[in-house]
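Worksheet: the structure to be examined is printed underneath.
Just so you know, ligand 1 is whichever comes first in the structure, and atom 1 is the first atom listed for that ligand.
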Amino acid sequence: MSKIQFRHYRPDEVVAGKTMRGWLPFSMSWWHALGAAGTDMFGGDTADKSFGATPGTMAHARAKADFGFELMQKLGIEYFCFHDRDLAPEAATLAETNARLDEISDYILAKSKATGIKALWGTANLFGHARYMNGAASSNSADVFARAAASVKKALELTVRLGGRGYVFWGGREGYDTLWNTDTKFEQENIAALMKAAVAYGRKIGFSGDFYIEPKPKEPAKHQYDFDAAATILFLKKYGLGGDFKLNIEANHATLAGHTFRHELRTAADNGMLGSIDANTGDALLGWDTDEFPYSVYDAAECMYEVIKAGGVTGGFNFDAKNRRASYTPEDIETAFRMSMDTFALGLKKAAAIIEDGRIDAFVRDRYAGYGSGIGAKIRSGSATLEELEAYSLKSEPALPGSGRQEELLGVINEVLFG
Ligand code: XUL
Ligand code: CO
């Protein structure tokens, strides 16, 4: 029994015109909650995630599902995310692997029907097996490409079967370590080809949700093609995938790219591509993907401000987060979820309060007021020529633009957040 209880998360409470549950479709990640057991580069598992069964067996796959559904029910979480590999261990052949996935998805589907808990999104693990050492769709081996495509096909079928809202591509090894052995254009064309084939097959089997790319700049590859939201959007538009794809923005990936989480959310939203969120956080002092449970109310308020402005996400908030190595008990898992769900609930309330307060939005609106009439309106309409703008400028020198008032606005935010 966790000592942390919800103080802010009330699923049916209406905030900014929608219930908390509507703004925050929370999701459990199968790989972290039911898989990650504390192993790091320097030591093995600290947590026991056998759930009373032998790891690597189908009995263990079922035991994980049992624990996962119990946890989600206890927390009021209505969605889960999965890789094919999280659900059942890989077998010696593809046919056998697929049979295992059929078996476990029967088991999960029965639980889903009984509880109403569904998949938020599914994906294929195209980075763990040795065959993917040079990437999956970006591999130099056409046989590996074909095998990756077969896994995407199966993972799409599982996603549809388990009611998934979305399907994710995270290109862990879709990148390069040295340009001396890599044809980057060739590889990206192949990635686009696999995505196009996935869209065609997904639509054929009745998948009506969004496909997502989850940007990440590095780790495990030194350079990953889906570096950040901007690079990913360019790729999607270049290959004509923009209609079927949106982005799954992960907080820790944003900071790895040298951006803030909020920057990535804004970039996605500006382009109509804010699909889903992998809710976690990194550590400011560590330069890698620590996948911590998010706890910063400030960051959550910034996130929810962007989400409210965008009208919400079409996907959800997947806790792509794991307990710290030294927090190894089952109680710690439940506590982590409660703490982070409450962080986002409070962040939502605070973001709504910032909007309600109105000072920030009014300031931003007024900051661009010069574009409301005269030469500014002409620029906005796209009809101002360089000759015209020169003639205008010859008449008078521009005054300094208005002060950005950054410190004042930060004070306003502190006041709304903390009183
Ligand atoms: C890795 C990561 C993945 C994706 C799904 O950094 O975030 O777990 O979310 O493949
Ligand atoms: Co993720």
**Prompt:** Measuring from the heavy atoms of E219, does anything fall under 4.0 Å of ligand 1?
**Reply:** no
**Prompt:** Got an N/O contact under 3.5 Å between D291 and ligand 1?
**Reply:** no
**Item:** Test: R62 and E103 ion pair at under 4.0 Å
**Value:** yes
**Prompt:** With a cut-off of 4.0 Å, which atoms of ligand 1 are near a heavy atom of E214?
**Reply:** 2 (C), 3 (C), 4 (C), 5 (C), 7 (O), 9 (O)
**Prompt:** Do the ring planes of Y239 and F235 sit parallel (below 30°), tilted (30 to 60°) or perpendicular (above 60°)?
**Reply:** tilted
**Asked** Nearest protein heavy atom to atom 10 (O) of ligand 1, by residue and atom, and its distance?
**Response** H83 NE2, 2.7 Å
**Prompt:** Ring centres of H83 and W31 under 6.0 Å apart?
**Reply:** yes
**Message:** Polar contacts were defined as any N/O atom of the residue lying under 3.5 Å from an N/O atom of the ligand; does this apply to D278 and ligand 1?
**Reply:** yes
**Asked** Nearest to the Co ion (ligand 2), which N, O or S atom of D320 do we find?
**Response** OD2
**Asked** Can you tell me if NZ on K196 sees more than 12 non-hydrogen neighbours from other groups inside 6.0 Å?
**Response** yes
**Asked** Are H253 and F227 an aromatic pair by the rule of ring centers under 6.0 Å?
**Response** no
**Asked** Would you call the rings of F211 and F207 parallel, tilted or perpendicular, where under 30° means parallel and over 60° means perpendicular?
**Response** perpendicular
**Numbered atoms of ligand 1 (with element) below 4.0 Å of D320, judged on heavy atoms** = 2 (C), 3 (C), 4 (C), 7 (O), 8 (O), 9 (O)
**Request:** Check whether any N, O or S atom of E214, backbone or side chain, sits closer than 2.8 Å to the Co ion (ligand 2).
**Result:** yes
**Message:** Please list, in number order, the atoms of ligand 1 under 4.0 Å from a heavy atom of D289.
**Reply:** 6 (O)
**Prompt:** Would you find a donor on one side and an acceptor on the other, under 3.5 Å apart, between the side chain of H129 and the backbone of R131?
**Reply:** yes
**Prompt:** Taking the non-hydrogen atoms of V168, is any one of them nearer than 4.0 angstrom to ligand 1?
**Reply:** no
**Asked** Tell me, which N, O or S atom in D278 is closest to the Co ion (ligand 2)?
**Response** OD2
**Request:** Flag yes if more than 12 heavy atoms outside Y298 fall under 6.0 Å of its OH atom; otherwise flag no.
**Result:** yes
**Asked** What about F127 and Y132, are their ring centers closer than 6.0 Å?
**Response** no
**Prompt:** When only distance counts, is E250 in polar contact with ligand 1, meaning an N/O pair under 3.5 Å?
**Reply:** yes
**Message:** Please report whether ligand 1 has a polar contact with W170, defined as an N or O pair separated by less than 3.5 Å (distance criterion only).
**Reply:** no
**Message:** Quick one: does any side-chain atom of R338 pair with a main-chain N or O of S2 as donor and acceptor, under 3.5 Å?
**Reply:** no
**Request:** Kindly give the atom name of the N, O or S atom of E250 closest to the Co ion (ligand 2).
**Result:** OE1
**Message:** Under 4.0 Å, heavy-atom basis, I'd like to know which part of N125 is in contact with ligand 1: side chain, backbone, both or neither.
**Reply:** neither
**Prompt:** Would you say N248 and ligand 1 have an N/O pair spaced under 3.5 Å apart?
**Reply:** no
